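Remarks on the structure that follows.
What you see is a predicted model, and the numbers here were worked out from it, not measured in a lab. Per chain, numbering begins at 1; letters A, B, ... match sequence-line order.
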Amino acid sequence: MLRMSSLFLRTLRDDPSDAAVASHKLLVRAGYIRPIAAGIFSWLPLGVIALRNVERVIRKEMDRAGFQEVHFPALLPKDPYEKTNRWEEYGPALFRLQDRKGSDYLLGPTHEEMFTLMVKGEYSSYKDLPLSIYQIQTKYRDEARPRSGIIRGREFVMKDSYSFDVDDEGLEISYQKHREAYVSTFNRLGLKFNIVSAMSGAMGGSKSEEFLAPCSTGEDTYVLCPKCGYAANVEAMTTKVEAKDFGNPPAMEILDTPDTPTIDSLVEVMNSKYAANVTGADTLKNVLLIADGQPISVLVPGDREVDLKRLEANLPGVQELRLFEDADFAKRPELVKGYVGPQDAKKFGLKLYADPRVQVGSHWITGANQKNKHMRYVTHGRDFTVDGFIEVAEVREGDACPSCATAVVIDRAIEIGHIFQLGRKYAQALDLTVLDKEGKARVVTMGSYGIGVSRAVAAIAEQSHDEIGLVWPEEIAPAKVHIVATGKEDLPFATAEKFAQQLEETGISVMLDDRKDASPGVKFKDAELIGNPYIVIVGKGLQDGKVELRVRKSGEKSELPVGDLISHLTKLIG
RNA sequence: CGGGGCGUAGCGUAGUGGCUAGCGCGCCUGCUUUGGGAGCAGGAGACCGUGGGUUCGAAUCCCUCCGCCCCGACCA
């Protein structure tokens, strides 16, 4: 039982000045967490209870799915991470340190290597697989920009699982099992979420999905179809293009278009000078970039911007991507800034990619590769060909859903889980093999699956609060029932105490506000701020043999005869 | 890493060159009060982020560093 008279808790009347999002403000105000450094927090008793409650739900679901819990240190030697090249690859986000002898260590940002080695140390036969193991552990990532309280911290609690299978079919089954376990976990946590595909098919074999909890302060943007439920990361959204007959356009024609380096200015001149009656969508934008040192050109309709994130996600194998700068144009005088067209791309040695909207047969108004000149009727397939279609244009609200063509909406969310078919990358690098039936060594295939545990606390707070405080689901709340004793007589306190005892005996956790020196107003405000699901007020109603029950979420209030309270609550609480 | 903002008591803040750094919340003591963050009286609590400089005089102006927040880049 949590007694407010002695609970290590101090609620704050004002929002902390450095908090911007609701979960951060409320968790600090209600005394769940305190800031220590950027992206690093300590947890007070109420916070620890809520966090443990989230962990408990996750453990139950993991165990129910047959996954086994293990535990690794956070402090890890460099060697395994050297073998997979992540000591380098992880870059500045990795917390590195040395021991007294000067040996390199790191604080684990994620544990693929360690899990792989653990299995390698114990198992060596196909008969031992499949296997799924997990841990709940503190992770460290030196984020470039921690933000939003515990939504993106540098130290955070994560549940990470890894599956081990002999073959791809096995991996698929393990992956689906995790997917189902995640669905029931997040349901029990009371989170609204969407599962979105995180990688496009163009990336190749690895499959990955994210669990996103919609909320306005989330940092992920995703696409949702209101009709069929299609959901995807903006990077993974695919473009639906209707096949069209463009007829037989006239031959390319060169036009004088002085002073038209932008799409807007071009459309203006086309319409005023040539009465062409066109919009930006009739023009073709040629965006020049440097991909790993090589110049590439990307074609999108003039009314669309290039989304660099989408381009990068869909350009396999490219490490470094940036837009052409003035220095690049200076080196390539044949590429005239503002007047570039695809018809000379081959001659210029440019790799050419097109948004799917730039279909074969379509014709466009585009740059003539001469200053102050454009061309029209530049036709895909006749006047230029591309090296490939690629998802590169910005995604907009109202774009067609790839599966049912309904207008999609764009929404924000917090990523609360990510499941991933890793394949053999880590097993290969660390030489995790098992012998198959024929006695031949086979590299194991793996999946990795993560849930942000501390982040889930924030996500629940984000999705479930109001102006006056937190509103926890039963499974997560520090206590199921918050009993407030008011007045200065002894009777309400004694009665409240009795209720609390009885409820605890039936397994219902209670927070009892037995403070003698606090006014009723203070107790009510605190109860609402802290956010336990049921609030019982034992006070002046006692004269008539009544107590008051309030449901935090709905705000619903009712008076109950003293004798009915316990049975009523046991019925309400599952 | 680029751009912006901020650092004054546990929290929220006032103070833009001048005397003992002010207020609210919280905290302590006493009295009073107990169904919506009560009242009165008294009190404790601040190297004004750090280091340097300008000045007769600096929380206040200038520089360094540190820290925090926001936007962006980044985010297995």
Once Watson-Crick and G-U wobble pairs under 3.5 Å are found, how is RNA chain B written in dot-bracket notation, 5' to 3', with | for any base paired to another strand?
(((((((..((((....[...)))).(((((.......))))).....(.(((..]....))).))))))))....
Pick base, sugar-phosphate or nothing for [X], based on heavy-atom distances below 4.0 Å to the nucleic acid.
| X | result |
| --- | --- |
| A/E528 | base |
| A/K139 | nothing |
| A/P16 | sugar-phosphate |
| A/D15 | sugar-phosphate |

Those residues that, when tested against A/Y32, pass ring pair (Phe, Tyr, Trp, His ring centres under 6.0 Å) (two or more places apart)
A/W472
Please identify each residue that fulfils ring pair (Phe, Tyr, Trp, His ring centres under 6.0 Å) with A/Y222, with sequence neighbours left out.
none
Nearest-Å distance for atom pair [atom1]/[atom2], residues [X] and [N]:
| X | N | atom1 | atom2 | answer |
| --- | --- | --- | --- | --- |
| A/M446 | B/A76 | CE | C1' | 12 Å |
| A/K25 | B/G12 | NZ | P | 13 Å |
| A/F115 | B/A76 | CZ | P | 19 Å |
| A/R515 | B/G37 | CZ | P | 14 Å |
| A/I468 | B/G37 | CD1 | P | 13 Å |

Short side-chain donor-acceptor distance under 3.5 Å, [Y] and [X]:
| X | Y | value |
| --- | --- | --- |
| A/S197 | A/E209 | no |
| A/N314 | A/E391 | no |
| A/Q176 | A/E172 | yes |

Could you give the side-chain donor-acceptor pairs of residues 529-543 of chain A under 3.5 Å, partners two or more places apart or in another chain?
unit_1, atom_1, unit_2, atom_2, d
A/N532, OD1, A/A479, N, 2.9
A/N532, ND2, A/H482, ND1, 3.3
A/Y534, OH, A/E474, OE2, 3.3

Counting primed atoms plus P, OP1 and OP2 as sugar-phosphate and everything else as base, spell out the protein contacts along nucleotides 24-35 of chain B at 4.0 Å heavy-atom distance: B, S or - for each nucleotide, 5' to 3'.
BSS-------BB
For A/R154 versus A/A38, what's the shortest heavy-atom pair and its separation?
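For A/R154 and A/A38, the tightest heavy-atom pair comes out as NE-O, 2.8 Å.
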Pair A/S163, A/Y449 - check side-chain hydrogen bond (donor to acceptor under 3.5 Å, both in side chains), show working.
CA-CA 8 Å; A/S163 67; A/Y449 316 88; 2.7 Å; yes
Pairwise N/O distances under 3.5 Å, protein to nucleotides 67-69 of chain B:
unit_1, atom_1, unit_2, atom_2, d
B/C68, OP1, A/A38, N, 2.6

Mind checking salt bridge (charged side-chain N to carboxylate O under 4.0 Å, His left out) for A/R59 and listing every partner two or more places apart, or none if nothing turns up?
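Partners of A/R59 by the salt bridge (charged side-chain N to carboxylate O under 4.0 Å, His left out) criterion, ordered by chain and then number, come out as A/E55, A/E69.
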Listed partners of [X] passing side chain to side chain contact (heavy atoms under 4.5 Å, CB included), at least two apart:
| X | answer |
| --- | --- |
| A/D79 | A/K83 |
| A/I566 | A/F499, A/Q502, A/L503 |
| A/S297 | A/N286, A/L288, A/L299, A/L350, A/L352 |
| A/D168 | A/R424, A/T445 |

Is there a donor on the side chain of A/R152 or the base of B/C75 sitting less than 3.5 Å from an acceptor on the other?
yes
Between A/R310 and A/E394, is there a salt bridge with N-O shorter than 4.0 Å?
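A salt bridge is absent here (no side-chain N lies under 4.0 Å from a carboxylate O).
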Enumerate the protein-to-nucleotides 1-10 of chain B contacts in which both atoms are nitrogen or oxygen and the separation is below 3.5 Å.
none

